[in-house]
Trainee: 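Encoded as structure tokens, here's the structure I'll be asking about.
Order of listing sets the numbers, starting from 1, for every ligand and every atom in it.
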Amino acid sequence: MYTEKVIDHFENPRNVGEMSDANGIGEVGNPTCGDITKIFLKIEDNIIKDIKFKTFGCAAAIASSSMLTEMAKGKTIDEALQITDEAVAEMLDGLPPQKMHCSNMAADAMHAAVEDYRKKLGA
Ligand code: FES
């Protein structure tokens, strides 16, 4: 039921972990199932130099987080903000309809992390 890309990113997730020197952190919970994704960003000169994630969730959620980190790494903040949940699911060659909600956390948590970064800058 999962695509090869989903299975690959679930079994070998990219950019897993925490980041002690993150300058933007975002956390989003999934109201459908109670799972959580946390995204850590290191932004320098408007570029996402590094990104890590911690996801307490199902295979689809972990694969989505992993794919999202690959899509966002090296992008400018504005480019990263254009990445949507749907784009992440598409890059995974799709998710089963009943698991689409699982792809809703990764991009949202990254957007929240950018907001956190901007808030800290303004402080
Ligand atoms: Fe919770 Fe997939 S079942 S994110």
Trainee: Mind checking whether atom 2 (Fe) of ligand 1 has an N, O or S of H101 under 2.8 Å?
Mentor: no

Trainee: What atoms in ligand 1 come closer than 4.0 Å to a heavy atom of A61?
Mentor: 4 (S)

Trainee: In terms of side-chain heavy atoms, does N15 have a donor or acceptor partner in T69 at a distance below 3.5 Å?
Mentor: yes

Trainee: If you measure only the distance, is there a donor-acceptor pair under 3.5 Å linking the side chains of D108 and N104?
Mentor: no

Trainee: If the cut-off is 4.0 Å to any non-hydrogen atom of C33, which atoms of ligand 1 fall inside it?
Mentor: 1 (Fe), 3 (S), 4 (S)

Trainee: Please check if the side chain of H111 supplies one atom and the backbone of I83 the other of a donor-acceptor pair under 3.5 Å.
Mentor: yes

Trainee: Provide the closest heavy-atom pair for L92 versus K5 in the form atom of the first, atom of the second, distance.
Mentor: O-CB, 3.8 Å

Trainee: Check the side chains of T76 and D78 for a donor-acceptor pair under 3.5 angstrom, ignoring hydrogens and angles.
Mentor: no

Trainee: Only heavy atoms of C58, strictly under 4.0 Å: list the atoms of ligand 1 that pass.
Mentor: 2 (Fe), 3 (S), 4 (S)

Trainee: For atom 4 (S) of ligand 1, what's the nearest protein heavy-atom neighbour? Residue, atom name and distance, please.
Mentor: D35 OD2, 3.3 Å

Trainee: Is G57 close enough to touch ligand 1? Criterion: a residue heavy atom under 4.0 Å from a ligand atom.
Mentor: no

